[in-house]
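Atoms considered below: every heavy atom in the structure, side chains included; atoms not considered: hydrogens, waters and symmetry mates. Just follow the structure's listing: the first ligand is 1, and inside any ligand the first atom is 1.
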Amino acid sequence: MKTLRLILGDQLNEQHSWFNKKDEEVTYVLMEVKSETNYVVHHIQKVVGIFYAMRQFAEKLINYGHQIVYISLNDPINKHSFSENIKELIQKEQFEKFEYLLPDEWRVDKLLIQLASEINIPTEKFDSEHFFTSREELQEFFANKKDFLMESFYRAMRKKNSILMENGQPIGGKWNFDHDNRKRIPENHRILEPKLFQHDVSEFVKLLIECDVKTIGEINPTSFNWPISRIESLELLDYFIENCLPLFGTLQDAMTIKSWSIYHARISFSLNIKLISPKEVIDKVVSFWNEKQHCTVNQIEGFVRQILGWREYMRGIYWAKMPEYKTLNFFEQNKKLPSWFWDGNTKMNCLKHSISQSLKYAYAHHIQRLMITGNFALLAGINPDDVDNWYLGIYIDAFEWVEITNTRGMSQYADGGIVGSKPYISSASYIDKMSDYCKNCHYKSNEKTGENACPFNSLYWNFFDQHQDKLRSNFRLKMMYSIWDKMDSGQKEKLLVQASHYLNNIENL
Ligand code: FAD
Ligand code: DLZ
Ligand code: SF4
């Protein structure tokens, strides 16, 4: 039967069983469409990276002998919509069947279900064969759960997949080694240089300008640094395992002006567009460790938990809670993001660095996303829709299923506690403890009020005061409320006035 198969820009999985055999009846289609480049303003490196990876993937399939239709951004036949392009192809080429891989995004899932109802040929959908858990398994796991604890999910996944297990028990005798991690970067420690690729992407940059695609961020057209193929993604992974993993867990929460990625893997882009799979990442990490024992178990466990735990868990929450999740705004926050989120032009050194490197590299590591930009947005009362759009646009690895659960859930607590048991907020003391940002900041991390006091300090207490009705009963915040209650009223008043002054002058911070 003459069949058309759709491959989306984040479904570049050459290990998929679809490609096991060549079939003259089957044609694959990939398309660069404005509906995807424009649904949010993306970082230029994200669009270029996806298009480049899509094109090399299409070429690879052609070399394997598959039949491919590739609709590029400036192709005259391009209608810039998945549905319209597919309908046109079906009609023109007389396809008798349409097949697609389950998309990761709710919006595209609905779009393809709608499309299937509008074309009068049979449609079949297939698993993307990427995740540890299928959508059905996730549904079963999360069905009728009152709370969605990541730790229970993670342990179930460790057991089910026999990862880091010995005789039914976790290797090292503990499920979680978090307490051994979380150190600051030692003085005089020289951080390893990140492994970078160098691609000339001038033609893509020209294409985006020519087609009037609006983007944010910077790019060096003659030196694009991200992996765009499976081979490069595996090279980056090997580099991480051999060189960065020994310090991954210990320094995973550290931040510094000296490095934009420290010992992080930078494999999220490769993973999210499916050039590599989470299973092969974990298998490689664990087998290298078994063979070489080049680091302690807490580094390995810390890393496995991110991929087997957090990544799969966030996907579970997404499919259990969408589309309502996208509308949640627990604290009813409604302010706009300050304009310096788009240029890094702020006197707050931590935000200046985290935002500037995001614009430069389309990347910030987890703690910068959570405890600098996210922390500030939450304390400043920014509307979670704005926060989501910023995160979805700016990071090369941002796809809604993993972006929204991290942003709206973990970072903004806009879901009222589905992902996290308390809001991730901090004053300057945490930032000073984990980074070298405060040393050269215009503001003083140890001052709470006064002209140069760090804004995080007053905004932090202001947040507790503003949201007492929603947070006072939270067991994990009892201690903070007891400190706030004991503070003398003059000091409280000063803090609230200081916070209000900063919020009224947010553009000038
Ligand atoms: P490493 O620190 O080296 O971790 C290894 C891998 O673990 C990552 O590649 C990733 O696949 C996985 N991982 C780690 N933490 C998480 C997590 N919380 N959720 C899911 N996977 C995780 N990750 C995305 O992939 N896309 C996003 O759009 C995204 N948005 C985020 C927004 C906010 C506000 C926050 C706080 C986190 C977000 N994350 C997102 C999670 C995390 O920050 C990134 O996965 C990580 O920074 C990617 O860099 P890395 O590959 O160097 O990760
Ligand atoms: C993010 C993105 C962008 C910018 N452009 C395209 C595109 O032109 N064609 C495409 O197939 N996919 C693109 N993507 C990735 C999609 O947004 C992603 O595949 C869906 O959201 C499903 O997760
Ligand atoms: Fe950030 Fe405050 Fe430290 Fe400055 S003093 S870097 S604003 S935490």
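The part of I50 lying near ligand 2 is the side chain, judged by heavy-atom distances below 4.0 Å. Residue contacts with ligand 2 for E400 are absent, since no atom lies close enough (heavy atoms, distance under 4.0 Å). Of the heavy atoms in Q11, none comes closer than 4.0 Å to ligand 2.
For K60, the salt bridge (Lys or Arg N to Asp or Glu O under 4.0 Å) test picks out E14, with sequence neighbours left out.
Residue contacts with ligand 2: W401 is excluded, as none of its non-hydrogen atoms falls under 4.0 Å. Distances shorter than 4.0 angstrom do not occur between any heavy atom of K34 and any atom of ligand 2. At least one heavy atom of A364 sits less than 4.0 Å from an atom of ligand 1. At a 4.0 Å cut-off, not a single heavy atom of Y313 sits close enough to ligand 1 to count as contact. Residue contact annotation: Y391 has a non-hydrogen atom under 4.0 Å from ligand 1.
Atoms of ligand 2 lying under 4.0 Å from at least one heavy atom of E32, given by number and element, are 8 (O). Every atom of ligand 2 with a heavy atom of V108 under 4.0 Å away is listed here by number and element: 20 (C), 21 (O), 22 (C). Every atom of ligand 2 is numbered from 1 in the order shown, and the set under 4.0 Å from a heavy atom of M31 is 7 (C), 8 (O), 9 (N), 10 (C), 11 (O). Using a 4.0 Å cut-off to heavy atoms of H42, the atoms of ligand 2 that qualify are 4 (C). Residue contact check: F51 has heavy atoms under 4.0 Å from atoms 5 (N), 7 (C), 8 (O) of ligand 2. Under a 4.0 Å criterion applied to the non-hydrogen atoms of N272, ligand 1 contributes the atoms 24 (C), 25 (O), 26 (N). For ligand 2, the atoms closer than 4.0 angstrom to any heavy atom of E105 are 20 (C), 21 (O), 22 (C), 23 (O). In summary, the atoms of ligand 2 found under 4.0 Å from a heavy atom of F82, numbered by their order in the structure, are 10 (C), 11 (O).
If you look at Y318 and Y325, their ring centroids are not closer than 6.0 Å. If you look at Y363 and Y395, their ring centroids are not closer than 6.0 Å. Between F376 and W340, the gap from one ring centroid to the other is short of 6.0 Å.
No N or O atom of V47 sits closer than 3.5 Å to an N or O atom of ligand 2. Looking at ligand 1, you'll find an N or O of I267 within less than 3.5 Å of one of its N or O atoms. Geometrically, ligand 2 and T37 share no nitrogen or oxygen pair separated by less than 3.5 Å. In terms of polar-atom proximity, defined here as any N/O pair under 3.5 Å, H264 does make such a contact with ligand 1. Considering backbone and side-chain N/O atoms, G9 comes within less than 3.5 Å of an N/O atom of ligand 2. For ligand 1, the polar-atom distance check against D397 finds a nitrogen or oxygen pair separated by under 3.5 Å.
No side-chain donor from either of E32 and S72 sits under 3.5 Å from a side-chain acceptor of the other. Looking only at atom types and distance, the side chain of E218 has no donor-acceptor partner in the side chain of Q45 under 3.5 Å away. Between the side chains of Y437 and S445, no donor-acceptor pair of N or O atoms lies under 3.5 Å. Side-chain contact check for N272 and R311: at least one donor-acceptor pair (N or O, by modelled atom type) lies under 3.5 Å.
The option from D104, D10, I7 that lies nearest to atom 23 (O) of ligand 2, judged by heavy atoms, is D10.
No option in W310, W175, F141 other than F141 meets the ring pair (Phe, Tyr, Trp, His ring centres under 6.0 Å) test with F153.
Seen from the ring of W226, R266 counts as a face-on cation partner, given the 6.0 Å and 45° thresholds.
For atom 2 (Fe) of ligand 3, the nearby protein N/O/S atoms, meaning those under 2.8 Å, are C454 SG.
Ring orientation note: the planes of F303 and F240 are tilted relative to one another, at an angle of 30° to 60°.
Side-chain atoms of H366 and M410, non-hydrogen and from C-beta on, do get closer than 4.5 Å to each other. For the pair F177/T296, no side-chain contact is recorded, criterion being any heavy-atom separation below 4.5 Å from C-beta on.
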